[in-house]
There are 2 protein chains.
Amino acid sequence: MSRPTVAGVARAAGVSVASVSRVLNGLPATEEMVERVQRAVEELGYVPDARARSLKVGRTFQLTLAVADVGNPVYVTMMRAVEEVVAAAGYRLVVTTTGPDVVDEVALVRGMARGYADGLVISPLRVDEDLIKSIRECEVPVVVAGNVPAKTGVDTVRANSPKGILLAVEHLTARGRRQIAFVNGPADTVPGTARAKGFADAMKEFNLRSAGEIEAADFTFAAGRDAGKTLFKKSGPNAVICANDLLAVGVMHELAAYGLEVPNDVAVVGMDDSELAEQSFPPLTSVNLGSAERGRRAAELLLARIEDSTRTPRRIVVQPSLSVRRSTP
Amino acid sequence: MSRPTVAGVARAAGVSVASVSRVLNGLPATEEMVERVQRAVEELGYVPDARARSLKVGRTFQLTLAVADVGNPVYVTMMRAVEEVVAAAGYRLVVTTTGPDVVDEVALVRGMARGYADGLVISPLRVDEDLIKSIRECEVPVVVAGNVPAKTGVDTVRANSPKGILLAVEHLTARGRRQIAFVNGPADTVPGTARAKGFADAMKEFNLRSAGEIEAADFTFAAGRDAGKTLFKKSGPNAVICANDLLAVGVMHELAAYGLEVPNDVAVVGMDDSELAEQSFPPLTSVNLGSAERGRRAAELLLARIEDSTRTPRRIVVQPSLSVRRSTP
DNA sequence: TTGTAGGCGTTATCAT
DNA sequence: ATGATAACGCCTACAA
């Protein structure tokens, strides 16, 4: 009992394959024809083969979102936003994980090049020439939710994290905190470098001296804990800005272990304003870098480019805001 | 500048398409032939079309994992485990979200039926006859990470949540807590019914009277907060078991709002032992329902069935354990 | 309105 | 070892 094909359905219904295809795609046909085909389809349990179909029509109606770490709640926000836009346009969204390394990212873009999906949204942590090259050469449209050089020639939607850090520093100083430390993610990542510079600039703008900077090994909770340990071994800041929410929550745990109270002894600000910021205790003041909007815009750009591959690439920047919660005074 | 195909490569290299295909698939060929083909491939930037390839060979080397809610950290654990097994076997894993409704689940199974992937792991929240039917009729192997009737005839890997709740009750009583309440998810879900029964049985086993039961609207943080509100309006338990970690964290937030301290005033136990349990504050004592192992086993069953579709379906049950943290005394 | 036939890009069979 | 050619399952001119 092999799988039925259009031919099988046609035979069972006593009509031609063309008629079957027409009925299936809602093209005009007689009442009776529709009737017969549908009965046959029902009986055989026929399901069209997506590969063959897309091979013919040139579309899969699938879109892919590639993220570095499914455990990072910022991607949850982004996924939800992308999914919504994409589903409304009649596409199915699939998510794949790349891990933190560029090579995996490159492999993904290369592999996705042909046939798996009609388009791709990637949010790369690290960018190198290889990745840029693979994006340029990709046969299906790619939208980057993040920062790649303009020469890459693709649509991008990125956050303004320096501005976000400025908001955080401003907020902290307004609440009387001036010994501000910064826990960054790896400096060799795109967000890592942007945030390092953003912190330096923001502190200068407010005429403050950094109360310590740590480079965590990853953008993860565990790395945040580690960072917290070294941070409070060497300095005594009364505020910490963290490069994302996971790091911030990790740091808060370490603070508790040191018997320090948030926000009274130390204020903590995260970045991303993910669901975790709301769920953490105390709820985390966090820089909203517009992940939802970035996801939405990225999806829209992708759909637009699928419709018209000749439009000139846009580079959208989403502005941040601050979600003040209980981890700051 | 259209996309190059084998034909284009063949022309550019001055050889036949068959030779190109052979070189690409590592079949025996002359040094020179390999050389010429590879140069042409390089020059044209040729990438094979996955659809056409899989149409011919009958495999996509993609596997799909469908989850109800990407925001639920238990799926993160499961995804990681599945991904690991699947990648080691040379498959690519893609994740799709179904939402909480059966109809979406059914649509997914139906749609996935042909061509998108070589197999499917689903973890359905709600199960009805339609879903069972679509699973039975699915043209590609399906493994259910959860509970469906044996008549469905598929491999399943499920948790033993009643046993898990028993461990929780045992732990709480051992620590002197006997006024135990239960915050469940929706009772019309598979885990919801299992856990409701599990709680009732466990309480009976320990000769305890329930100190309140709430049915949350969802397995989410927000629903946990809502549940917490009504819970402490009507009764004064000194311990709460929650049907998953998100609910537990929501309840803990509400406890704090009421000025109650965890674990001194009220002990809280979650279920799933997800990353959130570790990240929450205080760290959450949680019933480990073996999500990682379930993911691993599910992936293994799927791969095994792809190799041999005739093997008799297995129904694996993973046993729980308790991860004791600071939310219980 | 319906049927016939060609081709989407690939691999596999069969000659050479 | 290499080349021509027939499928894989579907859609869509084009013809009837």
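Sequence lines set the chain letters: A, B, ... in the order given, protein chains first and strands last, and positions in each chain run from 1.
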Visitor: Decide if atom CD of B/Glu84 counts as having more than 12 heavy atoms of other residues, nucleotides or ligands within a radius under 6.0 Å.
Guide: no
Visitor: Counting only heavy atoms not in A/Arg126, do more than 12 sit closer than 6.0 Å to its CZ atom?
Guide: yes
Visitor: Taking side chain to side chain contact (heavy atoms under 4.5 Å, CB included) as the test, write out the residues that go with B/Ala304, two or more places apart.
Guide: B/Arg311
Visitor: Over its full length, what angle do the end axes of the helix from C/dT1-D/dA16 to C/dT16-D/dA1 make, each axis taken from five pairs and the result rounded to 10 degrees?
Guide: 40°
Visitor: In whole Å, I'd like the distance from the CZ atom of A/Phe61 to the P atom of D/dC11.
Guide: 12 Å
Visitor: Output all residues satisfying side-chain hydrogen bond (donor to acceptor under 3.5 Å, both in side chains) with B/Arg36, sequence neighbours left out; order by chain, then residue number.
Guide: B/Glu32
Visitor: Return the set of residues passing salt bridge (charged side-chain N to carboxylate O under 4.0 Å, His left out) with B/Glu83 (not counting sequence neighbours), or none when no residue passes.
Guide: none
Visitor: Please name all residues satisfying side chain to side chain contact (heavy atoms under 4.5 Å, CB included) with A/Arg53, sequence neighbours left out, ordered by chain then number.
Guide: A/Asn25, A/Val57
Visitor: Go through residues 32-43 of chain B and report each residue with a non-hydrogen atom lying under 4.0 Å from DNA chain C, sorted by number.
Guide: none
Visitor: Can you sort out the partners of A/Arg59 under side-chain hydrogen bond (donor to acceptor under 3.5 Å, both in side chains), two or more places apart, ordered by chain and number?
Guide: A/Tyr91
Visitor: Using OP1 and OP2 only, check whether a side-chain N or O of B/Ser19 sits under 4.0 Å from D/dT2.
Guide: no
Visitor: Considering heavy-atom distances to DNA chain D, does B/Ala29 or B/Leu55 have its closest nucleotide positioned more toward the 5' end?
Guide: B/Ala29
Visitor: Quick one: A/Leu44 CG to D/dG9 P, roughly how many Å, whole number?
Guide: 14 Å
Visitor: A/Arg80: what forms a side-chain hydrogen bond (donor to acceptor under 3.5 Å, both in side chains) with it, not counting sequence neighbours?
Guide: A/Glu275, B/Asp69
Visitor: Distances under 3.5 Å only, N/O to N/O: pair up the protein atoms with those of nucleotides 10-12 of chain C.
Guide:
| unit_1 | atom_1 | unit_2 | atom_2 | d |
| --- | --- | --- | --- | --- |
| C/dT10 | OP1 | B/Tyr46 | OH | 2.4 |
| C/dT10 | OP1 | B/Asp49 | N | 3.1 |
| C/dT10 | OP2 | B/Val6 | N | 2.6 |
| C/dT11 | OP1 | B/Arg53 | NE | 3.0 |
| C/dT11 | OP2 | B/Ser21 | OG | 3.1 |

Visitor: Starting from C1' on D/dC11, measure out to CZ on A/Arg59 and report it in whole angstrom.
Guide: 15 Å
Visitor: Would you please name every residue forming a side chain to side chain contact (heavy atoms under 4.5 Å, CB included) with A/Ala194, sequence neighbours left out?
Guide: A/Ser161
Visitor: Check side chain to side chain contact (heavy atoms under 4.5 Å, CB included) between A/Leu44 and all other residues, then give those that pass, not counting sequence neighbours.
Guide: A/Pro4, A/Val9, A/Ala12
Visitor: Holding to side-chain hydrogen bond (donor to acceptor under 3.5 Å, both in side chains), I want the full list of residues that pass it with B/Thr60, two or more places apart in sequence or in another chain.
Guide: B/Asp118
